[in-house]
**Q** 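For reference, the structure I am asking about is given below.
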Protein chains: 2
Amino acid sequence: MSIEHTILGIISLVPCSGYDMKAEAERGSLSMLSALGFGSIYPRLKQLEEEGLVETQQVETEGRRKKIYELTADGWRELARWLEEPPGYPLPSRDDLLMKMLFWGTAGADRTALIEHLRARRDESLEVLDYLAEWQANETAFIDEYGLLVLTYIKTRLEAEISWIALATAQLEGPPELPLRDKQWLAVLQKARRSKALDQETHS
Amino acid sequence: MSIEHTILGIISLVPCSGYDMKAEAERGSLSMLSALGFGSIYPRLKQLEEEGLVETQQVETEGRRKKIYELTADGWRELARWLEEPPGYPLPSRDDLLMKMLFWGTAGADRTALIEHLRARRDESLEVLDYLAEWQANETAFIDEYGLLVLTYIKTRLEAEISWIALATAQLEGPPELPLRDKQWLAVLQKARRSKALDQETHS
DNA sequence: AGTTCCATGTAACCCGTTACATGATTAC
DNA sequence: GTAATCATGTAACGGGTTACATGGAACT
């Protein structure tokens, strides 16, 4: 659904080739919002051209031929229509780290491994922040009022994550706590179920 | 990839049927991290049983028959193995609102529509926060140390989003600002390109 | 001469979602 | 009796990712 409009949006910024679009999508804020592969781009461009939303122009630059895509009148209208259409609430974002954390208590795993996961995440997020700062400082990047707001959003989210990680690791370095609420004694049952399953096997 | 481990994780919390798993995945923090449909659950359960990671038990409760799934020794080991495996950095989360915002400047759309989008998002996020608070207050919910940390993360993220929205709407209610940096005069070119495309059509 | 980069595409595959199909039980 | 809920599945479809295929230009 969204890939189509991502493409239209990129072209609206600056007419370019399919190859350029991938590079464009990997820069700045867009890189945090989309993941475009050639396998998605080219077939979609073909389709968009058939629908009359974009048109191409063969260009020869520095001995290289490429197809530069530009929006048609219908393309501009479709982009505007999409923009004004109420955006859907984002789908649950699958996050392996959070998912693992949720189930950490049940598998009797080592707490230090979880702390390691958290630290690794923090380091990666710090790198992303660095990258964004660098990109923003880059003199050639195009940033308008809206782009800056998006950038602020992403930064805020990353910074919130990083400070949460500090909090979480601090707590996990302390002694394990019993479940805060467990009316059905699930925690106790879990241990019993797990031991039973593992023991049964060793004795067979 | 992740669906398989989500299922193993849910079973590790409490043995249940495929039907129950969907309900479980729609409760609490998990609902913010996963989206399980029956079409994904049942085939996967079948497969997991063939692989020997789970086993079933036909149960008759209150006149209803259901297949209760429980982890095998291999299942518990696979879960533990997955937990300790370093989680990947989350993929770019496609967010329609942010995406639209990025391209807002190019299509000459009305700022008030964007403000409306932001308000709608804020309202939805507030509802999610309410839901989570209610779930947490619910006496029967199982929450351990790890689950609470996850819950804190989600809340933090939503609160950060909401305060960002306040900031963004406040700015958008003011007068439009010119692009902060635009070495190639893209903003000007955009307007020209758009007018040209739209004009050409009306005159043909 | 060989590797990297620019550039465009196709085809197979995986995976998840949607829609469909079924049937029993409980609530109104 | 009829609607809603519990309960389990299958089949088709769609969409994106991965891998593959090609070719010229530029750099080393």
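Throughout, protein chains are lettered first and strands after them, A, B, ... in sequence-line order, and every chain is numbered starting at 1.
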**Q** Rounded to the Å, how far apart are Leu91(B) CG and dG16(C) P?
**A**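 Going from Leu91(B) (CG) to dG16(C) (P), I get 13 Å.
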**Q** How many Å lie between CD on Gln58(B) and P on dA7(D), as a whole number?
**A**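 Atom-to-atom, Gln58(B) to dA7(D), this comes out as 12 Å.
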**Q** Please, which pairs that meet salt bridge (charged side-chain N to carboxylate O under 4.0 Å, His left out) have at least one residue in residues 25-38 of chain A, sequence neighbours excluded?
**A**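 As it turns out, the salt bridge (charged side-chain N to carboxylate O under 4.0 Å, His left out) pairs with a partner in residues 25-38 of chain A, which skip direct neighbours, are Lys22(A)-Glu26(A), Glu24(A)-Arg27(A).
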**Q** Can you see if the side chain of Arg44(B) gets near the phosphate of dC15(C) - specifically, an N or O under 4.0 Å from OP1 or OP2?
**A**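 Negative; the distance criterion is not met.
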**Q** Donor-acceptor pairs under 3.5 angstrom involving side-chain atoms of residues 63-70 of chain B: please list them, not counting sequence neighbours.
**A**
| residue | atom | partner | partner atom | Å |
| --- | --- | --- | --- | --- |
| Lys66(B) | NZ | Asp20(B) | OD2 | 3.1 |
| Glu70(B) | OE1 | Arg193(A) | NH2 | 3.0 |
| Glu70(B) | OE2 | Arg193(A) | NE | 2.7 |

**Q** Please work out whether the ring planes of Trp104(B) and Tyr146(A) are parallel, tilted or perpendicular, with thresholds of 30° and 60°.
**A**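 Rings of Trp104(B) and Tyr146(A): tilted, as their planes differ by 30° to 60°.
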**Q** Got a sec, which residues hit side chain to side chain donor-acceptor pair (under 3.5 Å) with Tyr153(B), two or more places apart in sequence or on another chain?
**A**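 Per chain and number, Tyr153(B) pairs via side chain to side chain donor-acceptor pair (under 3.5 Å) with Glu161(A).
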**Q** Could you encode protein contacts along nucleotides 7-13 of chain C as a string, one character per nucleotide from 5' to 3', using B for base contact, S for sugar-phosphate-only contact and - for no contact, with a heavy-atom cut-off of under 4.0 Å?
**A** BBBB---
**Q** Would you indicate, yes or no, if dC15(C) has its OP1 or OP2 atom less than 4.0 angstrom from a side-chain nitrogen or oxygen of Ser40(B)?
**A**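 No, Ser40(B) has no side-chain N/O under 4.0 Å of OP1/OP2 on dC15(C).
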**Q** Tell me: CD1 of Ile3(B) to C1' of dC14(C), nearest whole Å?
**A**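 For the pair Ile3(B) CD1 and dC14(C) C1', the rounded distance is 12 Å.
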**Q** Return the value, rounded to whole Å, for the distance between atom CD of Glu26(B) and atom C1' of dC6(D).
**A**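 So the CD-C1' distance, Glu26(B) to dC6(D), works out to 14 Å.
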**Q** Could you tell me the separation between the CD atom of Glu4(A) and the P atom of dG15(D), rounded to a whole number of Å?
**A**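 It is 10 Å, rounded to the nearest whole Å.
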**Q** To the nearest Å, how far apart are Glu24(B) CD and dC6(D) P?
**A**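 Taking atom P of dC6(D) as the reference, CD of Glu24(B) is at 14 Å.
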**Q** By salt bridge (Lys or Arg N to Asp or Glu O under 4.0 Å), which residues pair with Glu124(A), not counting sequence neighbours?
**A**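 Once residues adjacent in sequence are excluded, Glu124(A) has no partner under the salt bridge (Lys or Arg N to Asp or Glu O under 4.0 Å) criterion.
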**Q** Among residues at least two apart in sequence or on other chains, which ones pass ring-ring contact (aromatic ring centres under 6.0 Å, His included) with Tyr89(B)?
**A**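 None.
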